[in-house]
Amino acid sequence: MKIKIVNPNSTASMTDKIRRCAEALAAPGTEIVATNPKDSPASIEGHTDGALAVPGLLAEIRKGEADGCDGYVVACFDDTGLDACREVANGPVLGICEAAMHAASMVSSSFSVVTTLSRSVPIIEDLAVKYGMERRCRKVRASDLPVLALEEKGGRAREVIRDEILRAVREDRCEAVILGCAGMTDLTAWLSAETKIPVIDGVAIAVKMVEALLGAGLKTSKVGAYATPRAKEKAP
Ligand code: 5HY
């Protein structure tokens, strides 16, 4: 099977990191393809960045359909453009937020999320409600790290995230923590060892869930919300 991961921001180093982490746990026989649009924002921090990223994201999904990809992961924790991608794709399309929240609810009775800037917090809180997770999600926390701080070599990003996770365990009574940015995907094992609780990376979980859905013969339903878009001409 061929799974295409699309990082909706245009930071190629993050896309490459995501690809490496996904390849490390993909099953034998699963081919991982990872791409990003060339002209979307370098990072997605809030609604405007997210909206600007959607055209390039959809173009990558369309290319995947032409290239015979079997399933997709939208590798941005805002689950940017996820519903539109499901209209365009035939195979399963998972967002890393939705996948991580469902995984967390299967290994714990409650979880918190540690994301980047505080402006992302209400977006993720809305997703928890959309996914029916408001009872399980104790809190969405900001580390106050800009997304691209996660790309800086020699920075203190992982220590900052670790300390926020420890605060979450102490203050939120959460039993697991979700990493609220695709750019954190390479920190999972270290953070879990440091904090002694399940630390969940949506990239990893989404790849394994797409494998599971495809293995069970499931594709996106085309009889309603995710029906293929009707052909439209641009108005003259
Ligand atoms: C992400 N932004 O996963 C989100 C995280 C965030 O460029 N990749 C981004 O801060 O909303």
Side-chain angles (χ1 to χ4, degrees), residues 4-22 34-58 60-61 72-85 93-104 111-131 133 137 139-152 155 157-158 160-161 164-165 168 177-188 191 199-207 209:
K4 183 169 188 178
I5 305 174
V6 185
N7 167 18
N9 74 43
S10 55
T11 298
S13 63
M14 190 178 294
T15 306
D16 196 48
K17 174 166 63 175
I18 289 165
R19 178 187 53 74
R20 289 198 306 274
C21 291
T35 63
N36 59 259
K38 298 291 174 282
D39 51 4
S40 61
S43 63
I44 294 169
E45 295 168 330
H47 297 285
T48 303
D49 291 345
L52 290 171
V54 172
L57 167 63
L58 286 175
E60 289 301 322
I61 302 292
Y72 302 88
V73 172
V74 177
C76 175
F77 205 78
D78 299 3
D79 285 356
T80 309
L82 178 59
D83 291 327
C85 291
V93 186
L94 294 191
I96 64 172
C97 177
E98 184 176 26
M101 287 188 173
H102 284 285
F111 61 83
S112 285
V113 178
V114 174
T115 188
T116 54
L117 298 177
S118 54
R119 66 182 308 149
S120 296
V121 169
I123 295 173
I124 298 166
E125 287 171 339
D126 285 351
L127 289 176
V129 173
K130 177 180 179 182
Y131 300 143
M133 291 287 172
C137 182
K139 190 170 185 172
V140 180
R141 290 173 167 265
S143 61
D144 294 326
L145 289 166
V147 170
L148 296 184
L150 295 162
E151 298 305 296
E152 288 166 12
R158 73 178 194 174
V160 169
I161 296 164
E164 194 63 34
I165 290 173
V177 168
I178 294 174
L179 299 180
C181 179
M184 298 175 182
T185 182
D186 59 331
L187 304 177
T188 315
L191 288 168
V199 174
I200 295 161
D201 159 38
V203 171
I205 290 296
V207 167
M209 283 185 176

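Counting starts at 1 for both ligands and their atoms, in listed order.
- In terms of protein heavy-atom proximity, atom 11 (O) of ligand 1 is closest to Asp78 OD1, 2.8 Å.
- With respect to Arg119 and Glu45, no salt bridge is recorded, no charged nitrogen being found less than 4.0 Å from a carboxylate O.
- Every atom of ligand 1 with a heavy atom of Phe77 under 4.0 Å away is listed here by number and element: 1 (C), 3 (O), 4 (C).
- Between Arg19 and Ile5, every side-chain heavy-atom pair lies at or beyond the 4.5 Å cut-off.
- For ligand 1, the polar-atom distance check against Glu45 finds no nitrogen or oxygen pair separated by under 3.5 Å.
- With a 4.0 Å heavy-atom cut-off, ligand 1 is reached by the side chain of Ser120 but not by its N, CA, C or O.
- Residue-level proximity to ligand 1 for Ile44 is carried by backbone and side chain together, each with a heavy atom below 4.0 angstrom.
- Among all non-hydrogen protein atoms, the one lying nearest atom 10 (O) of ligand 1 is Thr116 OG1, 2.4 Å.
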Problem - Trace of the salt bridge (charged side-chain N to carboxylate O under 4.0 Å, His left out) decision for Asp83 with Lys130 - result: CA-CA 12 Å; Asp83 291 327; Lys130 177 180 179 182; 2.8 Å; yes

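- When side chains are defined from C-beta on, Tyr131 does not count as touching Cys137, because their heavy atoms never get closer than 4.5 Å.
- Among protein heavy atoms, the minimum distance from atom 4 (C) of ligand 1 is reached at Cys76 SG, 3.6 Å.
- For the residue pair Thr185/Asp201, the side-chain donor-acceptor check at 3.5 Å is satisfied.
- In this structure, Gly180 has a heavy atom closer than 4.0 Å to ligand 1.
- Not close to ligand 1: Gly183, with no non-hydrogen atom less than 4.0 angstrom away.
- Val114 pairs in a side chain to side chain contact (heavy atoms under 4.5 Å, CB included) with only one of the listed residues (Val177, Ile178, Val160, Leu191), which is Val177.
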